[in-house]
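Step one of this worksheet: look at the structure below.
Each chain gets a letter, A, B and so on, in the order the sequences are listed, and its residues count up from 1.
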Amino acid sequence: MTNTNESTLANNLNRLQLERLGKLNKLKENGVNPYPYTFSRTHMANELQEKYSQLPAHTETKDEVRVCGRIINERNTWMFIDLIDDSGKIQLFCHKESLTSLLIEQLKLLDKGDFIGVTGTIRRTKAGELSIRVSDYTVLCKSLQPLPDGFDAFKDVEDRYRYRHLDLIIHPNVKQNFKSRSKIIAEIRQYLDSHNFLEIETPVLLVSAGGADARPFQTHHNALDIDLNLRIATELYLKRLIIGGFERVYEIGRVFRNEGISTRHNPEFTMLELYAAYGDYNELMDFTENMLEYVILNTVGKFQFEYIDQMLNFTRPFLRISMIDSIQKYCNYDFTSITNFDEAVEIARKLNVPLSKKEDSVGRIINLIFEELVSPELIQPTFITDYPVEVSPLTKIHRFNSRLTERFELYAYGREIANGYSELTDPIDQKNRLLDQAKLKSAGDEEAMPYDKDFIYAIECGMPPTMGLGIGIDRLVMLLTNSASIRDVIAFPTLKPLSD
RNA sequence: GGGUCAUUAGCUCAACGGUAGAGCAGCUGCCUCUUAAGCAGUUGGUUGAAGGUUCGAAUCCUUCAUGACCCA
């Protein structure tokens with residue numbers, strides 16, 4: 001439903017609701033509390049399905065069980081009820097010979113969507129459906145809103161995100177994405193914890209939001225009367241922890257970027273950043289492969305799996321190729337010795353890559369050509385290495401080439417999955433690069449990083465060689481759950497509010 | 001930002017200038033049966049909003065709102 005008037009799912013008191021209110025009142029008149037406090041069950045639905053999987057059709061047992069959940073369907077005037085809980089579905093069999101006439105009569109006051117708890121014995125029907133012959137039931141919640149129903153119910157994508165509770169009820173497979181997400185994050189933590197990483201939470205509210213190229217959200221602290229930004233990355237604070245002497249730290253946290261919304265972008269999303277002292281980006285690529293291997297093995301269960309229209313293979317090692325070599329490979333232009341800006345502009349023109357004011361250096365042109373023409377080709381997991389220094393203000397200069405940095409990004413299905421560096425630890429170099437960023441910012445580039453003098457002070461106090469990795473958790477979960485949209489892996493994605 | 005499409009009953013959709021309809025859901029019955037149960041009957045509408053054209057608009061035009069997809 002996309003209309004914005006009064007007749008919305010959420011607030012329209014319609015005749016269907018009036019029916020339910022009438023039933024609620026009748027229940028109360030019968031002395032039933034429609035909103036009781038507890039119910040103790042003996043089994044989840046799927047436990048019963050598994051336990052009695054060998055029970056033949058048309059068999060009664062005397063095994064008494066208690067289950068509870070939401071009514072999603074009813075057949076033959078409440079003789080058969082489909083009940084769902086978090087684990088799955090079980091059919092209830094309400095035969096008039098097994099229930100008091102009062103309880104039989106009261107079935108008419110139930111609706112699809114209500115919660116009930118039942119007691120009964122296990123049987124399998126003639127038709128082969130495992131069921132519970134109900135001897136007693138109790139209302140656990142009277143629902144006052146009709147659920148969308150029918151074979152094709154609730155297809156509108158926006159409604160599914162806006163009313164996620166309904167999406168989860170109606171499309172039980174949607175729950176699987178969030179279970180997978182939880183498992184993926186748990187496995188990442190397990191891997192990092194077992195490799196002696198310490199999880200530390202860094203601030204969300206910052207005077208200076210740096211660590212990435214992005215516009216921050218702005219807010220205000222009343223008591224201090226200062227403007228604050230929501231963080232766009234956790235990098236600069238995790239590095240302070242390395243400086244402080246923690247040698248392996250990470251954070252899995254929400255970051256906020258004030259940018260557009262798409263199937264791959266949500267304004268708030270979850271990032272993993274980790275930093276480990278005494279390693280460089282080569283070691284970090286090995287580490288990233290190992291960690292992903294562990295996480296994929298314990299979640300997807302296999303290294304080769306389908307994503308949308310492609311079969312991806314995450315078997316180690318992933319392809320490693322430098323950005324310049326990748327352009328040579330896919331575009332047939334060799335930037336190895338090109339240092340002249342006009343020459344780079346000419347190549348971009350020949351390649352039909354339109355440049356903006358932002359592409360004011362050879363390095364930025366190389367980066368844009370890569371993003372436009374090469375990255376979409378990187379379907380199988382590929383490390384792109386050695387980024388131009390102009391687009392990597394927090395990365396150490398490449399040990400063999402001063403125009404490049406020791407940075408990699410991991411691509412799969414043409415999308416960036418991870419971003420890692422040999423972290424820049426030279427305070428003088430870092431200071432100059434942030435000053436360059438500040439110049440860009442004051443020249444109007446709202447995504448350029450601010451000069452953070454506290455961070456420079458920290459790094460001047462001495463930072464060991466360090467490798468640092470960032471992984472967009474949402475995009476990783478998309479890949480591992482075969483989800484086309486980031487909104488399929490964020491329970492409550494950002495939406496425009498409905499107008500009243 | 002640009003293009004295309006969409007918005008009609010609780011849900012899924014018809015009707016495309018001439019009486020707003022169907023299936024499902026709901027309700028009333030039948031049927032101790034079922035697997036999207038079935039059968040009979042029945043309720044339910046400010047056609048996303050505002051203007052305009054017309055004897056007549058869900059339908060054509062304009063603007064707006066919201067969304068989906070594609071492109072930057």
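Put simply, the residue from Tyr421(A), Tyr387(A), Phe383(A) that forms a ring pair (Phe, Tyr, Trp, His ring centres under 6.0 Å) with Phe408(A) is Phe383(A). Residue Arg407(A) forms a side-chain hydrogen bond (donor to acceptor under 3.5 Å, both in side chains) with just one option from Asp386(A), Asn419(A), Thr395(A), and that option is Asn419(A).
In this structure, CG of Asn352(A) is placed 14 Å from C1' of A72(B), rounded to the nearest angstrom. Nucleotide G10(B) holds its P atom 12 Å from the CG atom of Leu18(A), rounded to whole Å. Summarising the geometry, the separation between CD1 on Ile81(A) and P on C33(B) is reported as 17 Å, rounded to the nearest angstrom. In this structure, Gln145(A) atom CD and C11(B) atom P are separated by 11 Å, rounded to whole Å. Put simply, OH on Tyr163(A) is 15 Å from P on U66(B), counting in whole angstrom units. At whole-Å resolution of the value, CG in Leu109(A) and P in G26(B) are 14 Å apart. In this structure, Ile486(A) atom CD1 and A68(B) atom C1' are separated by 18 Å, rounded to whole Å. The distance from atom CG of Asp111(A) to atom P of G10(B) is 16 Å, rounded to the nearest whole Å.
Taking the C1' atoms as reference points, G23(B) lies 30 Å from A65(B), given to the whole Å. Between the C1' atoms of U47(B) and U59(B), the separation comes to 10 Å (whole Å). Here the separation of G2(B) from A20(B), taken at their C1' atoms, is 36 Å to the nearest Å. If you take atom P in G48(B) and the same atom in A58(B), they sit 10 Å apart, rounded to whole Å. Atom P of C13(B) sits at a distance of 25 Å from the matching atom of A50(B), rounded to the whole Å. When the P atom is used for both U35(B) and C71(B), the distance is 45 Å, rounded to whole Å. Of the P atoms belonging to U43(B) and A6(B), the separation is 32 Å, rounded to the nearest Å. Spacing of C1' atoms, G38(B) relative to G3(B), comes out at 49 Å, to the nearest Å.
Using a 4.0 Å cut-off, some side-chain N or O of Lys112(A) falls inside it from OP1 or OP2 of G26(B). Taking side-chain N and O atoms only, Arg487(A) has a distance below 4.0 Å to OP1 or OP2 of A68(B).
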Pair up each side-chain donor or acceptor in residues 112-124 of chain A with any protein partner under 3.5 Å, not counting sequence neighbours, and list the distances.
residue: Lys112(A); atom: NZ; partner: Asn73(A); partner atom: OD1; Å: 3.4
residue: Asp114(A); atom: OD1; partner: Ser143(A); partner atom: N; Å: 2.7
residue: Asp114(A); atom: OD2; partner: Asp111(A); partner atom: N; Å: 2.8
residue: Asp114(A); atom: OD2; partner: Lys142(A); partner atom: NZ; Å: 2.7
residue: Thr119(A); atom: OG1; partner: Arg66(A); partner atom: NH1; Å: 2.9
residue: Arg123(A); atom: NE; partner: Glu60(A); partner atom: OE2; Å: 2.7
residue: Arg123(A); atom: NH2; partner: Glu60(A); partner atom: OE2; Å: 3.2
residue: Arg124(A); atom: NE; partner: Leu55(A); partner atom: O; Å: 2.6
residue: Arg124(A); atom: NH1; partner: Gly128(A); partner atom: O; Å: 2.9
residue: Arg124(A); atom: NH2; partner: Tyr52(A); partner atom: O; Å: 2.8

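Residues that satisfy the salt bridge (charged side-chain N to carboxylate O under 4.0 Å, His left out) test with Arg254(A), not counting sequence neighbours, are Glu268(A).
With U32(B), U35(B), C33(B) as the candidates, the nucleotide lying closest to the side chain of Phe80(A) is C33(B). The side chain of Arg75(A) lies closest to U35(B) when the candidates are U32(B), C69(B), U35(B). With G26(B), C33(B), A36(B) as the candidates, the nucleotide lying closest to the side chain of Asn73(A) is A36(B). Closest to the side chain of Glu19(A), from the set U32(B), A37(B), C27(B), is C27(B). Closest to the Glu129(A) side chain, of the nucleotides U35(B), U32(B), C33(B), is U35(B).
Among the protein residues, Lys126(A) comes within range of no part of the nucleic acid, since none of its heavy atoms lies under 4.0 Å from any strand. Note on Lys23(A): only backbone sugar-phosphate atoms sit closer than 4.0 angstrom, heavy atoms only; bases stay farther off. Counting non-hydrogen atoms under 4.0 angstrom, Arg160(A) reaches nothing in the nucleic acid.
With RNA chain B read from its 5' end, the first of the two nearest nucleotides for Lys96(A) and Lys89(A) is the one closest to Lys96(A). Comparing Tyr161(A) and Met79(A), the nucleotide of RNA chain B nearest to each residue sits closer to the 5' end for Met79(A).
Nucleotide A20(B): unpaired (no Watson-Crick or G-U wobble partner with both distances less than 3.5 Å). Nucleotide C60(B): paired with G52(B) (Watson-Crick or G-U wobble, both distances less than 3.5 Å). Across all strands shown, U46(B) has no partner, as no Watson-Crick or G-U wobble contact with both distances under 3.5 Å is found. When both pairing distances are held under 3.5 Å, G41(B) makes a Watson-Crick or G-U pair with C27(B). With both pairing distances under 3.5 Å, A65(B) is matched to U7(B) as a Watson-Crick or G-U wobble pair.
Looking at Thr77(A), its side chain has no donor and acceptor atom pair within 3.5 Å of the base of U32(B). Side-chain atoms of Gln91(A) come within donor-acceptor range of the base of U34(B), with a qualifying N/O pair under 3.5 Å.
No side-chain donor-acceptor contact under 3.5 Å links Ser182(A) to the backbone of Lys179(A).
Contacts between residues 361-379 of chain A and RNA chain B, defined by a heavy-atom separation below 4.0 Å, involve no residue at all.
Summarising the geometry, atom OH belonging to Tyr330(A) is positioned 12.0 Å from atom CG belonging to Leu373(A); distances are rounded to the nearest 0.5 Å.
Residue His95(A) qualifies as enclosed at atom NE2: its count of foreign heavy atoms under 6.0 Å is above 12. Under a cut-off of 6.0 angstrom, the local environment of CZ in Arg215(A) is sparse, with at most 12 non-hydrogen atoms contributed by other residues, nucleotides or ligands.
The pair Asp167(A)-Arg164(A) meets the salt-bridge criterion, with a side-chain N (NZ, NE, NH1 or NH2) lying under 4.0 Å from an Asp/Glu carboxylate O.
Ring-plane geometry between Tyr163(A) and His165(A) is classed as perpendicular, the angle between the planes exceeding 60 degrees on a 0 to 90 degree scale with a lower cut at 30.
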